[in-house]
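Lettering of chains follows the sequences in order, A, B, ..., and the numbering in each one begins at 1.
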Amino acid sequence: MAKLTDAQLKQLVEAAIFVADEPLSKDKLQLTVLEGLKVSNKRLEAALAELVLDYAPRGIQLVEVSTGFRFQSVDSLSPWLSKLWQEQAPRYSRALLETLSLIAYRQPITRGEIEDVRGVSVSSHIIKTLTEREWVKVVGHKEVPGRPALYATTKAFLDYFGLKNLAELPAMQSIEVLPEQEQEQADELRLQKVADQINSDTMSSESASTIADSEANKEQLH
Amino acid sequence: MAKLTDAQLKQLVEAAIFVADEPLSKDKLQLTVLEGLKVSNKRLEAALAELVLDYAPRGIQLVEVSTGFRFQSVDSLSPWLSKLWQEQAPRYSRALLETLSLIAYRQPITRGEIEDVRGVSVSSHIIKTLTEREWVKVVGHKEVPGRPALYATTKAFLDYFGLKNLAELPAMQSIEVLPEQEQEQADELRLQKVADQINSDTMSSESASTIADSEANKEQLH
Amino acid sequence: MTQESIPNKPPIQQPLPLAFVNGEALIEKPEDLYIPPDALEVILEAFEGPLDLLLYLIRKQKFDIVNLPILQVTQQYMEYVEVMKEIKLELAAEYLLMAAILAEVKSRLLLPKRPDAEDDEDDPRAELIRRLQEYEAIKLAAQEIDGLPRMERDLFGATAIPDAQVAPIKIQPEVGLQELVLAFHGAIKKAKAFEHHQIEREVLSTRERMSRILDMLDSKNYVDFETLFTVSEGKAGVVVTFLAILELVKESLVDLVQAQPLSQIHIKLRDRESDVWQS
């Protein structure tokens, strides 16, 4: 097999992706099964494209996810295929999915920032589950007091949801979220206004302190 | 999918066999994915037969084994597919290298003799690794109780290290520790001196023992 | 109050509307407004926090977040919080905080508007609206992610068994000749240290050695002095043997003879019967 025919190349790549324990990238294919066979990346890509077409009408498909190519069942068959297993697929709570979404769309993000958006504290249990599933990981620490961990999603997350990259995430629905800097300015502006009101002659000192208190509470959540 | 078309049946059976964790028998298919779909065994067999033909020219084949149907890679591709599981063996331990060196320099040598020099037992794992690598082999048995195996290096060992014969192993002269033979000579020399002192008329037995004591103390300092 | 409930359209006479939503009169009180207290606990679990509850109140009444009707929402929100305080106190903290924020916004809305204030930035609801929008976006995104076909639930990995001949290839570590020589050096050096260590630990008692020597000797035959020494015991062992012999000589238990200087020394047990010194 010093010189691989196109048919042989296709067979080998097909078998390799089927028997591998995880998705196979073009690089990994070149470094393993195609090692020494001098297959150009162009030829490899052509073989993969042909395989994708070959399987299009079948019960399984060749797809590319973030870490490489894998064969997977057609999702319309899942109601029948899931009967092969006793257990049901794990279900995830809204709290977990919202936390995951924030990490996916706003990465890198701290736990405090997630809490700011959701308006509730994020349970350690959720972070633990996401980390254990290897969907999120700590990618650094924010240079603010306490150096909180910055979370980001992993390739395993993309693979699990059948995505090639983050750009394939569903588009966020029309929110004009202010960029951080603008938001900070807005916050400052608001604080300034509150201060103005406290000083305002028309207000009693009592109502002023109530406002200030609620402001302080809110800050703590941030 | 109340009434499955032949094409749908084939897709479903194909996907089921691919995603199942073990071979799927016709019975198992009927009890799981085909449950409630009223597919006759005859139709199922026809679908399976077609699938076998579909995959005949591909890199993987549908085969029936004792417990059912499964897809497996074509045997002629095995040499290349094996490369998917290429693994870098961990670096050799110090214990292994010392054992190898003792076999090389002191062959033939028993495991017990190696242990005497190293002061610790030689794990079977080390002997196994060296034997599997074909660097070391048993060349006979020592005629002492238990008839322990005598180990020696092989031709493969010489080839690996680029040596024509054992005499080409680097000499140990530069090493400050005296090889065993030289040490024996030194011991003899010292005994001779002690004997001389015993015979010396000028020495009382007591002072002789004092010298011997100081000699013993000195040993302990070493 | 005037800011949000007075519509742009001219007022309608009968019946008196409860509120106007985006210019349309809301005649009937929305059904969602009343929630029996026993159902609250269940509903509460369905909310992911105060923002979620607020969104629910707004959406159920088909209000637009941008025209946040703060007075109604605040009132309804407070009703929930009151009941929640009785049922789930530990959950209430975040909800109470939101109540405080709503109260603050409300009170600021009631303040007379300063004439020089810019319209947009002066709206006290702006920050709350921003947060609600941001949260809603994430809530929807989470639903979308949940809807993506995913492994284990919608997609299953399709695999084939590698043929029996497929075997892992192990890349063996490399060893240099120099490494081998160093290892030998190390082993020998260790052997020296080990030998020393062993002797220190197991003190070779002179008495014990004396009895062993006596055991080896008899009174009839001389043996070579050297045969008593076991070189493999190391230097310390030799010394112990030597000490034992000196001790035996001192106690007159053995005889040493040497034919001439530098020649072999011979040793035997002292023959007690012929010993003139005895008794």
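- Contact check for Leu77(A) versus Val33(B): no side-chain heavy atoms found under the 4.5 Å cut-off.
- Aromatic ring orientation, Phe18(A) versus Phe18(B): parallel (interplanar angle below 30°, classes split at 30° and 60°).
- With values rounded to the nearest 0.5 angstrom, Trp80(A) atom CH2 is found 15.5 Å from Leu29(B) atom CG.
- Most heavy-atom pairs under 4.5 Å with chain B: of the set Glu14(A), Lys28(A), Lys10(A), this distinction falls to Glu14(A).
- By the 6.0 Å contact criterion, CD on Glu45(A) is enclosed, its count of non-hydrogen atoms from other residues, nucleotides or ligands being greater than 12.
- Pro57(A) touches chain B through its backbone: at least one of N, CA, C or O sits under 4.5 Å from a heavy atom, while the side chain does not.
- The environment of Gln107(A) atom CD is dense: over 12 non-hydrogen atoms of other residues, nucleotides or ligands sit within 6.0 angstrom.
- Two residues are said to be in side-chain contact when any heavy atoms from C-beta on lie closer than 4.5 Å; Phe71(B) and Val19(A) fail this criterion.
- The line from CG of Asp54(B) to CG of Asp54(A) is 11.0 Å long, rounded to the nearest 0.5 Å.
- Only the backbone of Leu31(A) comes within less than 4.5 Å of a heavy atom in chain B; its side chain stays farther off.
- Surrounding NZ of Lys83(B) are more than 12 heavy atoms belonging to other residues, nucleotides or ligands, all under 6.0 Å away.
- Contact of Leu51(B) with chain A is made through the side chain alone, with heavy-atom distances under 4.5 Å.
- Neither the backbone nor the side chain of Gln72(B) has a heavy atom closer than 4.5 Å to any heavy atom of chain A.
- Taking Arg58(A), Gln11(A), Glu35(A) one by one and counting their heavy-atom pairs under 4.5 Å with chain B, the maximum is reached by Arg58(A).
- Annotation: Glu87(B), atom CD; neighbour count of heavy atoms from other residues, nucleotides and ligands within 6.0 Å is above 12.
- A 6.0 Å sphere centred on NE2 of His125(B) holds no more than 12 heavy atoms belonging to other residues, nucleotides or ligands.
- Taking CG from Leu12(B) and CG from Leu81(A), the interatomic distance works out to 5.5 Å, rounded to the nearest 0.5 Å.
- No side-chain heavy atom of Asp21(A) sits less than 4.5 Å from a side-chain heavy atom of Leu84(B).
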